[in-house]
Amino acid sequence: MSAGIRPAALPWAELDWHDNVPVSRDRGDLYFSSVDGLDEKRHVFVNANRLQQRWSSGGAFVVAELGFGSGLSFLAAADSWRRDRRPGLLSYVAFEQRPLRARDMGRALRPFSELGELRDRLVNEMPHPSAGIHRLWFDEEQIILTLAYGDFREHAAEMRFTADAWFIDVSPSSFEAETPIRNILHTIRRLSHGDTTFSTPVATAPFRSAAGRSGFHIDTCSGFTPKSEILRGCVNGPSPRPEYFIPSRVAVVGAGLAGCSAAYSLARRGVNVTLIDRESTLASGASGNEAGVIMPWMARVPDERTRFSLSGFAYTRSLARRLESRGHECHWQGKGMLRFAGSARLAALHESISATGFDRDFASSLSVSQASDCAGVEVSQPALFFPTGGSLSPRAFCHVLADPNSTNIEFVHRIEATAIRRGETGWTIENNGKPAFSPNAVVMAASNECLRFHATDWLPLEAVRGQVVHLEDHPVLSGLRTILCGDGYVAPTANGGFLVGSSFEHGNLSTDLDQQTQNAILSKLQRLVPNFTFDSSAPWPGRVSFRSSAPDRLPIVGKTPDFNAFADAHSGTRYGGISPSWSESWWTSGLYVSTGHASHGLTTAPLAGEIIADLICGTPPPATESLLKAINPLRFLVKKLNRS
């Protein structure tokens, strides 16, 4: 992974204010005009790129912005898009190295009341500034916002998209030397096609010169204010304009959290989805618990798992809050989470979080007494407090994502998918040996059941047993104000009780509730909450399910490789001989997988659904190339070949 994209916290933008217009403290530049910032952004970017004429044909239109800032350029484009009521999808990719705090963004955008709910949703759902890629959705307007936080050149070198238009909205002082400008412009050109346009208020001589040397066709036109100028033109990128593909039907096998997330993301894009499961209800397996925790995985040394987890944590939280605000019952509890890990482990974890620069808005270290005050119950250990952590009901969440009232999702239950075969025009799914469905593409999201199918039976999945305990209102826990996570967890349920979990058992395939496992789970809670007592001889209500886990503890998400094609292409290949650029010939066309989410499915599966949908439809995914490779199933074949 590139060093510049390590999942560390980014510094907030430091601002001064001039007549309620934000001013960059280190550069002295206004973020937008004090006369009328919204009209300025429309003139400089929306009109200069002729967006309203160019996106009229429908399909997907991709705008990329260098310098997200206050978000006003995005809102100008989004407002124009929704006013035009065009069919299709607006995919907006923005790069920012120093994001604004939500309160600063709210203050900056407050005067633009005409933007209404669009503005408010942007402010309310902005992610914490961790380096990486974050995804926000504006469903009513059919707009996807993909925010790349961190260094532009590092991110752009690892991202896969082709822009139709570029907004270059950065400080003029950033473009004072021609050499770094040309490096940036070469990157922009690589991510463009032959008809991609750009515009910028930066009309400096070095920029003009660098743009000309980089193959840009440019012209000058009047700026927003008298005596100002803007540059606009054509990028002449090397790639053809990609096709936005809406398949007529996609089948998703498996109606748990991974499958429902993929179905939901596809349906959002207008795809008709057949959601198939052998059971009679949604979320009948590991996704059927009454409560689950949304928390980021934080490694002492930030890695791909941390990176994916941070982006997934922000996305699930945003999605759950959005669905709840629209009247859907996900049983979202957003009162924060206390993470206990024992003194030594907690100190190391806190040191890691501090070293990456996260502030108290993300996590803070609490003593035993402070943690007890925060929790509302007496606890025995110090803790890290994540104020944006939360819980929801995975079962209820699945029912919202795969809403039977959705016109795009058809849930077909009690179907025993016995085989999946590729034909000349698409795929055939057999039910007990007979053809039943003929989709254009298939998403395998059946957890460990993926091993029953030839195309995915080689995946190194392991079934991990998880048992949970259901507690009715307990006198000691009645004052609990936050989620508690240690070796296990306790989270509130919708009926006023608590779910305590969970075991993580390898090699045990029993579906029966086990008294010894139950007592071990409750003993962990008792060590954490000393006043908690329970009768070890009494059986408590509970549930057993099986998660799927991969050896490297990363989920398995993406295109499914053709095992035989890959083996044939690399027969005789020695260690290290595999090309870092993976060939399209190695994939099974139209077959995708989302599994191996283990005990962090609420954090990773919804974002995995977005990745799957973007790969199918050809829109920019919320992940870099290195992250897509880290979670793709092909990684296991590459490792196996390298070991041999």
Side-chain angles (χ1 to χ4, degrees), residues 253-260 277-293 391 393-395 397-398 413-418 444-453 456-472 474 485-491 493 495 497-528 532 534-553 555-556 594-602 604-605:
V253 180
L257 191 56
C260 291
D277 201 275
R278 67 198 303 183
E279 303 295 338
S280 59
T281 61
L282 298 167
S284 60
S287 303
N289 286 342
E290 291 297 321
V293 179
S391 68
S393 165
R395 184 181 61 80
F397 194 42
C398 285
H413 54 84
R414 293 190 180 277
I415 293 294
E416 187 69 46
T418 50
M444 300 295 299
S447 188
N448 298 297
E449 295 296 307
C450 289
L451 299 178
R452 295 193 299 111
F453 302 95
T456 50
D457 62 4
W458 54 271
L459 291 173
L461 289 171
E462 180 186 9
V464 180
R465 184 180 186 273
Q467 180 171 325
V468 297
V469 179
H470 296 153
L471 297 179
E472 296 182 359
H474 192 283
C485 287
D487 291 334
Y489 63 87
V490 56
T493 58
N495 62 5
F498 302 92
L499 186 139
V500 186
S502 168
S503 64
F504 199 87
E505 303 169 70
H506 300 268
N508 183 354
L509 299 181
S510 172
T511 59
D512 297 329
L513 289 173
D514 178 72
Q515 183 82 24
Q516 186 176 355
T517 302
Q518 170 202 284
N519 291 343
I521 293 169
L522 295 177
S523 294
K524 290 177 183 178
L525 176 58
Q526 189 176 55
R527 288 194 294 271
L528 196 60
F532 173 80
F534 68 98
D535 182 356
S536 61
S537 64
W540 293 78
R543 189 171 185 271
V544 173
S545 58
F546 294 88
R547 317 172 186 102
S548 62
S549 180
D552 56 10
R553 303 294 294 275
I556 302 173
S594 178
T595 188
H597 295 279
S599 57
H600 290 269
L602 278 174
T604 59

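Taking CD of Gln516 as the reference point, atom OG of Ser536 lies at 11.5 Å (rounded to 0.5 Å). To the nearest 0.5 Å, atoms CG (Asp487) and OG (Ser523) are separated by 11.5 Å. If you take OH on Tyr489 and CG on Leu499, they are separated by 5.0 Å, rounding to the nearest 0.5 Å. Atom CG of Leu451 sits about 5.0 Å away from atom CG of Leu461, to the nearest 0.5 Å.
Every residue two or more places apart in sequence or in another chain that forms a salt bridge (Lys or Arg N to Asp or Glu O under 4.0 Å) with Asp552 is listed here: Arg635, Lys639.
Judged by distance alone, with hydrogens and angles left aside, the side-chain atoms of Gln518 form a donor-acceptor pair with the main-chain N or O of Ala538 at under 3.5 Å. Under the 3.5 Å distance criterion, the side-chain polar atoms of Glu505 are left unmatched by any main-chain donor or acceptor of Gln467. Side chain of Thr456 to main chain of Cys450: a donor-acceptor pair is present (N/O by atom type, distance under 3.5 Å, no hydrogens or angles).
Salt-bridge check for Arg452 with Glu416: passed, with a basic side-chain N closer than 4.0 Å to an acidic carboxylate O. By the 4.0 Å N-to-carboxylate-O rule, Arg278 lies close enough to Glu449 to be salt-bridged with it. Between Glu279 and Arg414 there is no salt bridge, since no side-chain N of the basic residue sits under 4.0 Å from a carboxylate O of the acidic one.
Between the side chains of Ser280 and His413, not a single donor N or O lies within less than 3.5 Å of an accepting N or O. A donor-acceptor contact under 3.5 angstrom links the side chains of Thr595 and Ser548, judged on distance only. Arg465 and Ser502 form no side-chain donor-acceptor contact under 3.5 Å, judged by distance and modelled atom types alone. Judged purely by distance below 3.5 Å, without hydrogens or angles, the side chains of Arg395 and Asn289 never pair a donor atom with an acceptor atom.
For the pair Ile521 and Val468, the minimum side-chain heavy-atom distance is 4.5 Å or more. In this structure, the side chains of Val469 and Phe498 stay at 4.5 Å or more apart for every pair of heavy atoms. For the pair Asp512/Val544, no side-chain contact is recorded, criterion being any heavy-atom separation below 4.5 Å from C-beta on.
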| task | Determine, stepwise, if the pair Trp540 / Leu513 fulfils side chain to side chain contact (heavy atoms under 4.5 Å, CB included). | result | CA-CA 9 Å; Trp540 293 78; Leu513 289 173; over 6 Å; no
| task | Evaluate side chain to side chain contact (heavy atoms under 4.5 Å, CB included) for Arg547 paired with His597, printing each intermediate quantity in order. | result | CA-CA 8 Å; Arg547 317 172 186 102; His597 295 279; over 6 Å; no
| said: side chain to side chain contact (heavy atoms under 4.5 Å, CB included), that's the test. Do Phe534 and Leu525 meet it? Break it down for me. | reply: CA-CA 10 Å; Phe534 68 98; Leu525 176 58; over 6 Å; no
| said: For a side chain to side chain contact (heavy atoms under 4.5 Å, CB included) check, start with the C-alpha distance between Leu282 and Asp277, then their side-chain angles and the critical distance, and finish with the verdict. | reply: CA-CA 8 Å; Leu282 298 167; Asp277 201 275; over 6 Å; no
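Residue Cys398 comes nearest to Gly256 through the heavy atom pair SG-C, 3.7 Å, listed as atom of the first residue, atom of the second, then distance. For the pair Thr493 and Ala291, the tightest heavy-atom approach, listed with the atom from each and the gap, is CG2-CB, 4.1 Å. Minimum interatomic distance between Phe453 and Thr418 (heavy atoms only, all atoms of both residues): CE2-C, 4.1 Å. Counting all heavy atoms, side chain and backbone alike, Cys260 lies closest to Ala255 at SG-O, 3.5 Å. For the residue pair Pro555 and Thr604, the shortest heavy atom distance occurs at CG-CB, 4.3 Å. Looking at every heavy atom in both residues, Val293 comes nearest to Leu602 through N-CD1, 3.9 Å.
Ring to ring, Phe532 and His474 are close: their centroids are under 6.0 angstrom apart.
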